[in-house]
Chemist: 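This structure is in structure tokens; I'll ask about it shortly.
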2 protein chains.
Amino acid sequence: MASASAKHDVFQAIADPTRRSLLKLLGDGELPVTAISGHYPMSRTAVSKHLRILADAGLVRERKVGRETRYRLDPEPLLELKRWLSYYERYWENKMAALKRFVESDEDGSAPPAPLELVRKEPPGE
Amino acid sequence: MASASAKHDVFQAIADPTRRSLLKLLGDGELPVTAISGHYPMSRTAVSKHLRILADAGLVRERKVGRETRYRLDPEPLLELKRWLSYYERYWENKMAALKRFVESDEDGSAPPAPLELVRKEPPGE
DNA sequence: ATTATAGGAAACCAATTGGTTTCACGTCAA
DNA sequence: TTGACGTGAAACCAATTGGTTTCCTATAAT
């Protein structure tokens, strides 16, 4: 439900750092466009377009008040992201487990759980 | 550590549906490029470029084996995403709480779900 | 009534993106 | 050695993106 199957999905919406910043800013509460754009080095119009993209993705809600349009965070679509991420939990768990096994291994070295070269931090040879 | 300070960040990397699909595919294990590209309607070269972007973001690792290059998932950078997401947990919690309060609200109506209006912050000068 | 303010719409632009086709190179097989 | 296979690099292209400026319309405020 909620669907928000709009033309902008949440993945694409949060891909831009300005938009991620906007989400954070709008978490504090409702703000009109001009106030928002004051936080950014770009034009008000540019910010407005970012806001529209966020709104299309359902991440932000707009509300007209007099002559202003106030925006605020709607975190609901982030749940989709969370769901997507949760699929990968098992992988880090595996990795963590492998790492742990490696660290705790009583070095008979007979069954290296996984190559995992990420473990070693060579002193900077370069 | 890890840092993956590369030119492609994880947010941008997962913005593309093909790349998300690749991650899922590569979760099953190492695969060479041709085998991978067989799953997609686009050219091998196109898939290869997606793989490079994923690799730049640290989401995928490559390993040369004879004349093939095999790719596999590296979920580690997703932790950054998880961390980013976790910042917003409190918001859905609030929302959930508000919703719950609303649903459970019996008759007094004195506590509307969540006005959520915040006052305006300092006008950012001009 | 007139003027100033808030914000969206439109037209435009450069850079990036997602894709293609062609080519070159290293590796495996005959 | 000759040729086929697996892949990346390069050059190219259309569409999208992130931004701008200019204009237009509502809504205050005087």
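If you're wondering where the values come from, they're calculated on a predicted model, not measured in any experiment. Chain A is the first sequence line, chain B the second, and so forth, proteins listed ahead of strands; every chain is numbered from 1.
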Chemist: Please give, in whole Å, the distance from C:dG8 C1' to A:L51 CG?
Modeler: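 Taking atom C1' of C:dG8 as the reference, CG of A:L51 is at 12 Å.
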Chemist: Expressed as a whole number of angstroms, how long is the span from B:E30:CD to D:dG6:P?
Modeler: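 Rounded to the whole Å, the gap is 16 Å.
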Chemist: Of all heavy-atom pairs between B:I36 and B:L26, which one has the smallest distance, and what is that distance?
Modeler: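 So the minimum-distance heavy-atom pair works out to CD1-CD2, 3.8 Å.
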Chemist: Which salt bridge (Lys or Arg N to Asp or Glu O under 4.0 Å) pairs, counting each pair once, include a residue from residues 19-40 of chain B, with sequence neighbours left out?
Modeler: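 Output for this query lists B:E30-B:R63, B:E30-B:R70.
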Chemist: Establish, yes or no, whether the cationic atom of A:R90 lies under 6.0 Å from the six-membered ring centre of A:Y87 and within 45° of the ring axis.
Modeler: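 Geometry flag: set, cation within 6.0 Å and 45°.
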Chemist: Between D:dG19, C:dT20, C:dG7, which one does the side chain of A:A46 approach most closely?
Modeler: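 For A:A46, the side-chain atoms sit closest to D:dG19.
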Chemist: For A:S43, answer base if it contacts any base atom (sugar-phosphate contacts may also be present), sugar-phosphate if it contacts only those atoms, and nothing otherwise; contact means non-hydrogen atoms under 4.0 Å.
Modeler: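 Counting heavy atoms under 4.0 Å across all strands, the contact made by A:S43 includes a base.
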Chemist: How many Å lie between CE on A:M42 and C1' on C:dA15, as a whole number?
Modeler: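 Distance check: A:M42 CE to C:dA15 C1' gives 15 Å.
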Chemist: What's the closest nucleotide to the B:E62 side chain, out of C:dG7, D:dG8, C:dG18?
Modeler: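 It is D:dG8.
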Chemist: Quick check on C:dT17: is either OP1 or OP2 less than 4.0 Å from any side-chain nitrogen or oxygen of B:H50?
Modeler: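 So the side chain of B:H50 is outside the cut-off, no N or O lying under 4.0 Å from OP1 or OP2 of C:dT17.
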Chemist: Between A:T45 and A:K64, which is nearer to the 5' end of DNA chain C once each is assigned its nearest nucleotide?
Modeler: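 Mapping each residue to its closest nucleotide by heavy atoms, the 5'-most match is A:K64.
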Chemist: Pick base, sugar-phosphate or nothing for B:R19, based on heavy-atom distances below 4.0 Å to the nucleic acid.
Modeler: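 The answer is sugar-phosphate, as B:R19 gets under 4.0 Å only of primed atoms, P, OP1 or OP2.
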Chemist: Roughly how many Å is it from CG in A:D9 to C1' in D:dT16, rounded to a whole number?
Modeler: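 That distance rounds to 14 Å.
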Chemist: Which of these nucleotides, C:dG8, C:dA11, C:dG18, is closest to any side-chain atom of A:V33?
Modeler: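 Looking only at side-chain atoms, A:V33 lies closest to C:dG8.
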Chemist: Under the rule for salt bridge (charged side-chain N to carboxylate O under 4.0 Å, His left out), what residues qualify as partners of A:K82, not counting sequence neighbours?
Modeler: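 Salt bridge (charged side-chain N to carboxylate O under 4.0 Å, His left out) check on A:K82 returns B:E89.
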Chemist: Round to a whole Å and report the spacing from CZ of A:R70 to P of C:dG7.
Modeler: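 In whole Å, C:dG7 P lies 9 Å from A:R70 CZ.
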Chemist: Taking 4.0 Å as the cut-off, does a side-chain nitrogen or oxygen of A:S48 come that near to OP1 or OP2 on C:dG8?
Modeler: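 A:S48 to C:dG8 OP1/OP2: side-chain N or O found under 4.0 Å.
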Chemist: Of B:I14, B:L59, B:V10, which is the lone residue that meets side-chain contact (heavy atoms from CB on, under 4.5 Å) with B:L54?
Modeler: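 For B:L54, the side-chain contact (heavy atoms from CB on, under 4.5 Å) test succeeds with only one of B:I14, B:L59, B:V10, which is B:L59.
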Chemist: When only distance counts, do a donor and an acceptor, one from the side chain of B:K49 and one from the base of C:dG19, lie under 3.5 Å apart?
Modeler: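 Counting by modelled atom types and ignoring angles, a donor-acceptor contact under 3.5 Å is found here.
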Chemist: Taking CG from A:D16 and P from C:dT17, how many angstroms apart are they, rounded to a whole number?
Modeler: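 In whole Å, C:dT17 P and A:D16 CG are 11 Å from each other.
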Chemist: So, B:Y40 side chain and B:L22 main chain: donor-acceptor pair closer than 3.5 Å or not?
Modeler: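 Yes, B:Y40 side chain to B:L22 backbone: donor-acceptor pair under 3.5 Å.
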Chemist: Rounding to a whole Å, what distance do you find between B:R63:CZ and D:dG6:P?
Modeler: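 Spelled out: CZ on B:R63 to P on D:dG6 is 17 Å.
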Chemist: C:dG8, OP1 or OP2 - any side-chain N/O from A:T69 closer than 4.0 Å?
Modeler: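 Yes, within the criterion.
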Chemist: Reckon B:Q12 has a side-chain N or O less than 4.0 Å from the OP1 or OP2 of C:dT17?
Modeler: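 Answer yes for this pair, as a side-chain N or O of B:Q12 is under 4.0 Å from OP1 or OP2.
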Chemist: Would you kindly compare A:V47 and B:R44 by the position of their nearest DNA chain D nucleotide and give the one closer to the 5′ end?
Modeler: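 Result of the comparison: B:R44.
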Chemist: Would you mind reading off the distance between A:Y71 atom OH and C:dA6 atom P, rounded to a whole angstrom?
Modeler: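 It works out to 15 Å between those atoms.
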Chemist: Please determine if a side-chain N or O atom of A:Y40 lies less than 4.0 Å away from the OP1 or OP2 oxygen of D:dG18.
Modeler: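 Negative; the distance criterion is not met.
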Chemist: Is A:R67 side chain donor-acceptor paired with the C:dT5 base, going by distance under 3.5 Å alone?
Modeler: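 When only heavy-atom distances are counted, A:R67 does reach the base of C:dT5 through a donor-acceptor pair under 3.5 Å.
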